[in-house]
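These notes concern the structure reproduced below.
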Amino acid sequence: MREVIRRDLVKDVLSMLAALQLYELAFQEPFLEATARFYNIRAGQLINSTDIPDYLAKVEGFLYEEAERCEVYLQPDTRKALLSRVEARTLKQHIAAILERGFGSMMKEQRVDDLRRLYLLFARVGEHEALRKAWLTDIKERGKAMVADEQKDRTLIEELLQYRRGLLAILEQSFAKNERFEAALRDAFEFFVNTRKNRPAELVAKFIDKVLRSGNKTMTDEEMEDHLDQALILFRCISGKDVFEAFYKKDLAKRLLLGKSASIDAERSMISKLKAECGTQFTTKLEAMFKDIELSVELNNVFRASAAFREASVDMYVHVLAEACWPTYPKMEITLPEEASRAQALFAQQYLEKHKTRRLVFQHSLGHCVLKCNLPTGLREADVSVFQATVLMLYNTQDRLPFAAIAQTTKIEPTELKRTLQSLTAVKLLLQAPERPAGACEEGDLFTLNLDFRPKHYRIKINQVQIKETPEENAATNKQVLEDRQYYVDSIIVRTMKARRTLPHNELVNEVFGGLRFPVNRSEIKKRIESLLDRQYISRDPK
């Protein structure tokens, strides 16, 4: 039970001591020592018996009570000394315990009010730097755990953006937008985003692909721009931007060639954002892809107005692309149906007559078409890939075909043919005998046209197999990035040696490090130097 005192009487007595110049010696010094002893004991008891947020609330109450005491009956000169002793005993000597036992849980639960109280109290004892380090460490540890969890790859980018929004709320509401805390937030993200090598860069590219794809019907233009801006924040943290570029370019190519882009304006806006971040060199090939699409419209308009188009029995549209600006696609052999093969030859003939010095190579892996199907259940249109259409056209003359016969007639590579047949059996347009696990095919398997196929809609979309990325495509993209990095390192080494003529080994390695735009180990640079020595691009000084 607290003892009630006569404040007016105490004030009069202390005023009398001050008038007699006995205040400091007779009262203030003993009072401050007693206060320090009291709070030393009290703080020790509380910090071990209560959780940290409650402890901080009590400390705030102690400081308020002591400040009020100074206002009511103590002399003004006592205030600073009194509060500094309370702060020292309740805060300063318990900094490590407060941060170790309480900061992590407050961050995890986003206890904005408690964190604001912590920030203000630490400001009183000059311990913002300790709080900043704890903030930095906590973000690094939580972020690293999120990035390392491969099970959450599908939602990683969304979770990281949500995590960052929570941190920004704490920064604004609890830490008064302190610039040093904001810089620590950036540093922490740059650290943990790059702890898993190339994967985060790939996932950021795929997140942007999901936002820009036409299947995304839930966003307004403003929401789409906001999502792109948010993704760009994570993009800034990525050290291996060449990995992002490779996957972004591959996904952009699919959106443009398959007509799956939600908005060309949004696509161009994203290119502009990347250009502002990384410069013209980063987006030159991306911008060239859009130019190829525009030029293809003109070329196809010319073809459609010609006699060759009227001679062709199918309505064909060809994207004419500059090979250097687009992702590398493996050459896939295929024997097209006669009608499509004739139309392709007519287009090639007309194009090469006007561009005699050019070479035209047809790539069918991202080709797609609309196939009219006269089924027993009625007329339907199937949105299919060129490979799917080639297989389905075989069923104009036969209802059943073995896998080996389909492979021999179409000349489609076996792995790609299995994917194609899997997509057709998945929608029950073809029936497989005997039934096997998804994607499993053998030469003796029989594929039958399902005459009872009853789709709900007039147009059937089956070509989603083209949009999905296969493990082989992913591995090929990563392999290409690795090869491009080796070429880039080689070019920097040769360029440096041409300029400097002679350099000690360690200086050359340091020069190369300064010119790189992606992370690499010193051992990798040494390997590239050895490779150039073996190929005699550079040589060791005999001296």
Side-chain angles (χ1 to χ4, degrees), residues 205 208-209 212-214 228 245-276 278-332 334 336 339-370 383-387 389 463 466-467 477 480 484:
I208 295 174
D209 176 57
L212 292 174
R213 221 183 294 148
S214 58
L228 295 178
E245 180 186 8
F247 281 96
Y248 182 85
K249 183 164 72 170
K250 181 170 64 66
D251 292 333
L252 173 62
K254 285 191 176 184
R255 293 195 300 273
L256 294 178
L257 297 179
L258 298 176
K260 295 296 182 181
S261 181
S263 166
I264 293 298
D265 290 338
E267 295 280 6
R268 293 189 181 279
S269 173
M270 189 62 206
I271 299 296
S272 298
K273 295 177 194 292
L274 293 173
K275 189 174 184 178
C278 302
T280 305
Q281 184 178 0
F282 189 83
T283 58
T284 298
K285 291 183 178 180
L286 301 177
E287 291 174 315
M289 292 167 71
F290 284 93
K291 291 179 181 177
D292 284 347
I293 296 298
E294 293 170 357
L295 288 173
S296 294
V297 174
E298 298 178 12
L299 289 170
N300 280 275
N301 287 339
V302 171
F303 177 64
R304 286 169 182 273
S306 67
F309 179 75
R310 291 189 292 274
E311 185 180 342
S313 58
V314 295
D315 185 357
M316 184 177 69
Y317 186 98
V318 180
H319 288 104
V320 182
L321 316 174
E323 188 175 9
C325 300
W326 290 75
T328 303
Y329 299 105
K331 176 66 176 174
M332 290 191 179
I334 182 175
L336 293 173
E339 300 89 336
S341 181
R342 183 170 62 253
Q344 178 178 289
L346 289 168
F347 180 90
Q349 180 182 353
Q350 177 174 311
Y351 180 83
L352 293 174
E353 283 177 358
K354 293 185 178 180
H355 307 280
K356 298 183 184 299
T357 58
R358 296 183 183 177
R359 186 170 64 97
L360 198 60
V361 178
F362 284 91
Q363 290 277 14
H364 300 101
S365 57
L366 288 183
H368 64 105
C369 60
V370 176
D383 193 349
V384 294
S385 70
V386 168
F387 294 146
N463 72 327
Q466 287 182 297
I467 301 173
T477 304
Q480 187 63 49
D484 290 344

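Side-chain contact check for I334 versus F362: every heavy-atom pair is 4.5 Å or farther apart. Here the side chains of D292 and L256 are not in contact, with every heavy-atom distance at 4.5 Å or above. Counting only heavy atoms from C-beta outward, the side chains of V361 and Y329 never approach each other to under 4.5 Å. Within the 4.5 Å cutoff, the side chain of Q350 has no heavy atoms near those of the F309 side chain. Side-chain contact between V320 and L295 is absent, with no heavy-atom pair separated by less than 4.5 Å. Residues R342 and V314 form no side-chain contact, since every pair of their non-hydrogen atoms from C-beta on lies 4.5 Å or further apart.
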Handout entry: Stepwise salt bridge (charged side-chain N to carboxylate O under 4.0 Å, His left out) check, R268 with E294
Key = CA-CA 13 Å; R268 293 189 181 279; E294 293 170 357; 2.4 Å; yes
Practice task
Could you go through the salt bridge (charged side-chain N to carboxylate O under 4.0 Å, His left out) check for K275 and E287 one step at a time?
Solution key: CA-CA 10 Å; K275 189 174 184 178; E287 291 174 315; 3.4 Å; yes
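Around atom NZ of K273, more than 12 heavy atoms belonging to other residues, nucleotides or ligands sit under 6.0 Å away.
Each of R213, R255, K260 was checked for a salt bridge (charged side-chain N to carboxylate O under 4.0 Å, His left out) with E267, and the lone residue meeting it is R255.
In this structure, the separation between OG on S296 and CZ on F303 is 13.5 Å, given to the nearest 0.5 Å. A distance of 11.5 Å separates NZ of K250 from CG of L252, quoted to the nearest 0.5 Å. Taking OG of S306 as the reference point, atom CG of N301 lies at 11.0 Å (rounded to 0.5 Å).
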